[in-house]
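As the structure lists them, so they are numbered: ligands from 1, and atoms in each ligand from 1.
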Amino acid sequence: MIYLDNAATTWPKPHSVIDAVVKTMEEVGANPGRGGHHMAIEAGRIIYETRDLLAKLFNIKNPSRIVLTKNATEALNIGIQGLLKPGDHVITSSMEHNSVSRPLKHLADSGIEVSKVACNKQGELILENLVKAIRPNTKLIVITHASNVTGTLMPITEVGSIAREHGVYFMVDASQTAGVFPIDVEAMNIDLLAFPGHKSLLGPQGTGGLFIRENIVLKPLLTGGTGGQSELERQPETMPDAFESGTLNTPGFAGLGAGIRFILEEGIDKIREHEARLANILLEGLREIPGITIYGPNDLRKQAAVISINIAGIEAAEFGFVLDNTYGIVARAGLHCAPDAHRVLDTLSAGGTLRFSIGYFNTEDEVKQVIQAVQEIATEISK
Ligand SMILES: Cc1ncc(COP(=O)(O)O)c(C=O)c1O
């Protein structure tokens, strides 16, 4: 079996991640921040360490500004819905995942103005168009760091500077980049950073987080027990409790901590280099096959290791089915929860694309087998 659906969630995970989850369940077990007994303190220490590792990875000065969530979607919703009020204007791109575009659509129904800056055919953001879209009431720019359909990298450093210059908050969806590309919230002027723990940060599913810059006031989506300040009738305003109601996924965050340790030990540049090298081999092989359309930049300097294609004469869903059932190759077919991106690529009505997404544990041999399989399928269709 060849797993090439790492953009959805990475697999396999390092053994240290699995060991950390099991160890926490077997030996710690208690509720972090609830009670002063030694097991609760140990659970709290695990959460503290993971927050600290995330802060180190993203150059966040104060780890308590990181809210732990169950995935990137929750983090994006806390930021987007918590910040924007009727009368505000928000700018986004036409390549976003539904976890950005659906909350924005929902807010548009209640008086928030939304502008989607059109991207070009490769999914690239045109900065001039972004600048033109800024209005006096623009409060937020929210964009993905890399498209989950084409891998297209967005110029987040430039967008961060533009946002800062215009006094607009800047939120980044780092779902396809956290753990593979360097992210520095200070150097990039990122005010809100949403990330999943279960993709390239190599943690278990059910983990994610949101960095909220100091002095940004958000209305919490969820209120309830936080372990501390229980005497208050209302939600505490202290961080991260303000946005962490209810019991956290302690085993999951123990695993996430181990995932980040793995990344820091391997080195983020080595991880990116490996993924880019394999993606390049895949692109080179696919380019040689007649009848294939490759979407996106088609250039590893401009994209993450995510490659979307179609073969003339076969629907993406059927293509994915054949790859899985005949060749044991796991790749995702369809719209990838990003219909706007498919409007840009003109693949919405055609049933989307077949997406290969490479992870750190894929090998060159696997990529060569994929090229061979696609070649055989294309030959069969052309007969
Ligand atoms: C660009 C992008 N944003 C957001 C998400 C949502 O991530 P999660 O499933 O962790 O909520 C994904 C997931 O595929 C994604 O690719």
TODO: Go through ligand 1 atom by atom and flag the ones less than 4.0 Å from a non-hydrogen atom of Pro196.
DONE: 10 (O)

- [ ] Kindly assign one of parallel, tilted or perpendicular to the pair Phe58 and Phe195, based on the angle between their ring planes and the thresholds 30° and 60°.
- [x] tilted

Task: No-hydrogen, no-angle side-chain donor-acceptor test under 3.5 Å, Thr353 and Ser308 - done: yes

Task: ligand 1-proximal atoms of His336, by part, heavy-atom distance under 4.0 Å - done: neither

Task: Under-4.0 Å salt bridge between Glu96 and Arg102 - done: no

Task: Within reach of ligand 1, part of Ala72 (heavy-atom separation under 4.0 Å) - done: both

Open item on the list: Students should be able to answer this: which protein heavy-atom is nearest to atom 15 (C) of ligand 1, and at what distance?
Closed with: His97 CD2, 3.3 Å

Task: Shortest protein heavy-atom distance from atom 16 (O) of ligand 1, along with the residue and atom involved - done: Gln176 NE2, 2.7 Å

Open item on the list: Heavy atoms only, cut-off 4.0 Å: how does Thr144 contact ligand 1, side chain, backbone, both, or neither?
Closed with: side chain

TODO: Please state whether Ser99 comes within less than 4.0 angstrom of ligand 1, counting heavy atoms only.
DONE: yes

- [ ] List the steps and the verdict of side chain to side chain contact (heavy atoms under 4.5 Å, CB included) for Val159 and Phe170.
- [x] CA-CA 8 Å; Val159 177; Phe170 180 38; 3.4 Å; yes

- [ ] Check ligand 1 against Asn71 and write out every atom of the ligand that is under 4.0 Å from a heavy-atom position of the residue.
- [x] 8 (P), 10 (O), 11 (O)

Open item on the list: When you measure from the side chain of His336 to the backbone of Gly334, do you find a donor-acceptor pair of N or O atoms at a distance under 3.5 Å?
Closed with: yes

- [ ] Considering the heavy atoms of Ala7, write down every atom of ligand 1 situated less than 4.0 Å from one of them.
- [x] 14 (O)

TODO: Look at ligand 1 and say whether His198 reaches it with a heavy atom at a distance under 4.0 Å.
DONE: yes

Open item on the list: Suppose I only count heavy atoms of Asp173 and a 4.0 Å limit; which atoms of ligand 1 are within that range?
Closed with: 1 (C), 2 (C), 3 (N), 4 (C)

Open item on the list: Need the ligand 1 atom indices (1-based, order shown) with element for anything under 4.0 Å from a heavy-atom of Lys199.
Closed with: 7 (O), 12 (C), 13 (C), 14 (O), 16 (O)

Open item on the list: Can you confirm whether the side chains of Tyr360 and Glu266 place a donor and an acceptor under 3.5 Å from each other?
Closed with: yes

Open item on the list: Pairing donors with acceptors under 3.5 angstrom, does anything connect the side chains of Gln303 and Asp299?
Closed with: no

- [ ] Take Thr144 and Met154, measure what side chain to side chain contact (heavy atoms under 4.5 Å, CB included) needs, and give me the verdict at the end.
- [x] CA-CA 7 Å; Thr144 190; Met154 299 298 184; 4.2 Å; yes

- [ ] Could you point out which residue of Arg135, Lys85, Lys139 forms a salt bridge (charged side-chain N to carboxylate O under 4.0 Å, His left out) with Glu113?
- [x] Arg135

Open item on the list: Counting non-hydrogen protein atoms only, what is the nearest one to atom 11 (O) of ligand 1? Give residue, atom name and distance.
Closed with: Thr73 OG1, 2.5 Å

